[in-house]
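As structure tokens, the structure follows; a few thoughts come after it.
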Amino acid sequence: MLGNILQRLTGGVEKAQAAAFPHVDLFHWSPAGNRENFGDHLSRVIVTKLLADHQHLLDEETDASHTLLAIGSILHFAQDHDVIWGSGVNGKIAADAHAFSSLDVRAVRGPLTRAFLMERDIMVPEIYGDPALLMPTLFPDRFAVRTRSRYVVVPNLHDIDIVRHLGLQNVVSPMTTWNRCIPDILTGELVIASSLHGLILAEAYGLPARYLRLSEEENIFKYNDYVMGTGRGEIEAARSIEEALEMGGMAPPVFDAQQLIAAFPFDLWDGVER
């Protein structure tokens, strides 16, 4: 518990600079070493765009201070009364490391996260979806599919060294800035990824995607949570590029973008004008 709090306040996460007035902190995880994992960074991109579309900014006074957790497997960092919109449980983290007893949940990544929270007597609406699925809705003219290769490979950050060792081709690093990573992903006819957000961004833009399991570093929980939250069963993994090409893409996701947007906690900002 103490370790989670210290990490939330210091290393490995982004927390807005303390302000002298009530405000909303957007919390997201970042790798150590002053780097960004593009999927986690999309939390700031998406929340910033949603707020701007509704005439708000992160950097403004609100009726009360809150912490918002959106994209990422970051619920073990949550504290009592935090607001949850689209984030999920990290299967690598022990259940007893989740120290909260009360959360304001508006949406979660998928039904596995919902069940985890409901078992702790936390009410969770049946509104599912990783907010990265909203990218084509929020930025309708920003990115387009422009296929140039039979496939691209998007490794999880823990699999980058494995990909290098294997000498795989058409690799898109998840450590690339978000606005370069997304168009690079959209150049493959098939997106083969161990990066969860590599899969999500491909499917958001209508490209077929296949999960590539290169190591046991990442728990399967988050992948199942995502695919089950988008109308499918448990995820089926390929173990090689050849197997991924043979399997092809997963069944396309079923997702209601407007429902997830409607669940966003705009009320945290709107209260000042009432």
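What you are looking at is a predicted structure, and each value in this text was computed from that prediction instead of being measured. The chain is numbered in sequence order, starting from 1.
Put simply, OG1 on Thr176 and CZ on Phe38 are 9.0 Å apart, with the number rounded to the nearest 0.5 Å. With values rounded to the nearest 0.5 angstrom, Leu68 atom CG is found 12.0 Å from His28 atom NE2. Taken to the nearest 0.5 Å, the OG1 atom of Thr67 stands 5.0 Å off from the CG atom of Asp25. In this structure, the separation between NE2 on His23 and CG on Leu57 is 14.0 Å, given to the nearest 0.5 Å. To the nearest 0.5 Å, atoms OG (Ser173) and CG (Asp184) are separated by 10.0 Å. Atom OG1 in Thr230 sits 8.0 Å away from atom CD1 in Ile200 (nearest 0.5 Å).
Side-chain contact between Ser30 and Asp40 is absent, with no heavy atoms from C-beta onward closer than 4.5 Å. Taking the side chain as every heavy atom from C-beta outward, Leu201 and Phe143 never approach each other to under 4.5 Å. Using a 4.5 Å heavy-atom cutoff, the side chains of Glu236 and Met247 are in contact. In this structure, the side chains of Phe221 and Val89 come closer than 4.5 Å at one or more pairs of heavy atoms. Between Ile84 and Leu75 there is a side-chain heavy-atom pair separated by less than 4.5 Å. Counting only heavy atoms from C-beta outward, the side chains of Ser87 and Val108 never approach each other to under 4.5 Å. Contact of the Met135 side chain with the Trp178 side chain is registered, since non-hydrogen atoms from C-beta on lie closer than 4.5 Å. With a 4.5 Å cut-off on side-chain heavy atoms, Ile220 and Arg213 count as touching.
Shortest non-hydrogen contact noted between Ile122 and Ser101 is CG1-O, 3.9 Å. Closest heavy-atom contact between Pro131 and Ile46: O-CD1, 3.2 Å. Shown here for Pro174 and Pro155, the closest heavy-atom pair between the two residues is CG-O, 3.1 Å. Shown here for Ala204 and Pro136, the closest heavy-atom pair between the two residues is O-CG, 3.4 Å. Pro208 and Gly249 make their closest contact through CB-CA, 3.8 Å (heavy atoms, listed as atom of the first residue, atom of the second, distance). Counting all heavy atoms, side chain and backbone alike, Leu199 lies closest to Ala209 at CD2-CB, 3.9 Å.
Judged as a ring-ring contact (aromatic ring centres under 6.0 Å, His included), the pairs with a partner in residues 236-268 (not counting sequence neighbours) are, in order, His54-Phe266, Trp85-Phe264, Phe264-Phe266, Phe264-Trp269. Pairs of residues two or more places apart, or lying in two chains, that qualify as salt bridge (charged side-chain N to carboxylate O under 4.0 Å, His left out) and include a residue from residues 156-169 are Asp161-Arg164. Within the structure, every pair that satisfies the salt bridge (charged side-chain N to carboxylate O under 4.0 Å, His left out) test and touches residues 200-211, not counting sequence neighbours, is listed here: Glu203-Arg232. Sequence neighbours left out, the pairs with a member in residues 122-147 that pass side chain to side chain donor-acceptor pair (under 3.5 Å) are Asp130-His197. Within the structure, no pair that satisfies the salt bridge (charged side-chain N to carboxylate O under 4.0 Å, His left out) test touches residues 249-265, not counting sequence neighbours.
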Take His66 and Asp82 through the test side-chain contact (heavy atoms from CB on, under 4.5 Å) and record every step on the way to the result.
CA-CA 6 Å; His66 296 278; Asp82 283 353; over 6 Å; no
### Message
Applying side-chain contact (heavy atoms from CB on, under 4.5 Å) to Val105 and Arg114, what does each step give before you reach the verdict?
### Response
CA-CA 10 Å; Val105 183; Arg114 181 173 186 264; over 6 Å; no
task = Check the pair Leu69, Val83 against side-chain contact (heavy atoms from CB on, under 4.5 Å), reporting the backbone distance first and the verdict last.
result = CA-CA 6 Å; Leu69 287 75; Val83 182; over 6 Å; no
*Can Leu207 and Leu186 be said to form a side-chain contact (heavy atoms from CB on, under 4.5 Å), step by step?*
CA-CA 8 Å; Leu207 284 172; Leu186 301 183; 3.8 Å; yes
| request: Start with the C-alpha gap between Lys92 and Glu218, add the side-chain angles, then the distance that decides, and say whether salt bridge (Lys or Arg N to Asp or Glu O under 4.0 Å) holds. | output: CA-CA 7 Å; Lys92 296 187 290 188; Glu218 291 300 298; 3.0 Å; yes
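Under the side chain to side chain donor-acceptor pair (under 3.5 Å) criterion, Asp104 pairs with Arg106, not counting sequence neighbours. When the ring-ring contact (aromatic ring centres under 6.0 Å, His included) test is applied to His158, no partner is found at least two apart in sequence or on another chain. The ring-ring contact (aromatic ring centres under 6.0 Å, His included) test applied to Tyr205 returns no partner, not counting sequence neighbours. When the side chain to side chain donor-acceptor pair (under 3.5 Å) test is applied to Asn224, no partner is found at least two apart in sequence or on another chain. Under the salt bridge (charged side-chain N to carboxylate O under 4.0 Å, His left out) criterion, Asp53 pairs with Lys49, sequence neighbours left out. Residues satisfying the ring-ring contact (aromatic ring centres under 6.0 Å, His included) test with Tyr211, not counting sequence neighbours, are Tyr223.
Side chains of Asp225 and Thr113: a donor on one and an acceptor on the other come within 3.5 Å. At a cut-off of 3.5 Å, with distance as the only test, no side-chain donor of Asp96 or His98 sits close to an acceptor on the other residue.
Side-chain atoms of Asp80 come within 3.5 Å of backbone N or O of Ser102 as a donor-acceptor pair. A donor-acceptor distance shorter than 3.5 angstrom exists from the side chain of Gln169 to the backbone of Gly167, with no hydrogens or angles considered. Judged by distance alone, the side chain of Glu243 and the main-chain N or O of Arg239 form a donor-acceptor pair under 3.5 Å. Of the possible donor and acceptor atoms, none in the side chain of Asn170 sits under 3.5 Å from a partner among the backbone N and O of Val152. For the pair Ser194 (side chain) and Asn156 (backbone), a donor-acceptor distance under 3.5 Å is present.
The side-chain tip of Arg120 points at the ring of Phe116 from less than 6.0 angstrom away and within 45° of straight on.
Grouping Ile, Leu, Val, Met, Phe, Trp and Tyr residues whose side-chain heavy atoms lie under 4.5 Å apart, directly or via other members, places Tyr151 in a hydrophobic cluster with Val153, Ile162, Val163, Leu166, Leu168, Val171, Leu190, Ile192, Leu212, Leu214, Ile241, Leu245.
No path of Ile, Leu, Val, Met, Phe, Trp and Tyr side chains, each step under 4.5 Å between heavy atoms, connects Val254 with Tyr226, placing them in separate hydrophobic clusters. Leu117 and Met123 fall into different hydrophobic clusters, where Ile, Leu, Val, Met, Phe, Trp and Tyr are joined by side-chain heavy atoms under 4.5 Å apart, directly or via other members.
Few gaps surround CE on Met118; more than 12 heavy atoms of other groups in view lie less than 6.0 Å from it.
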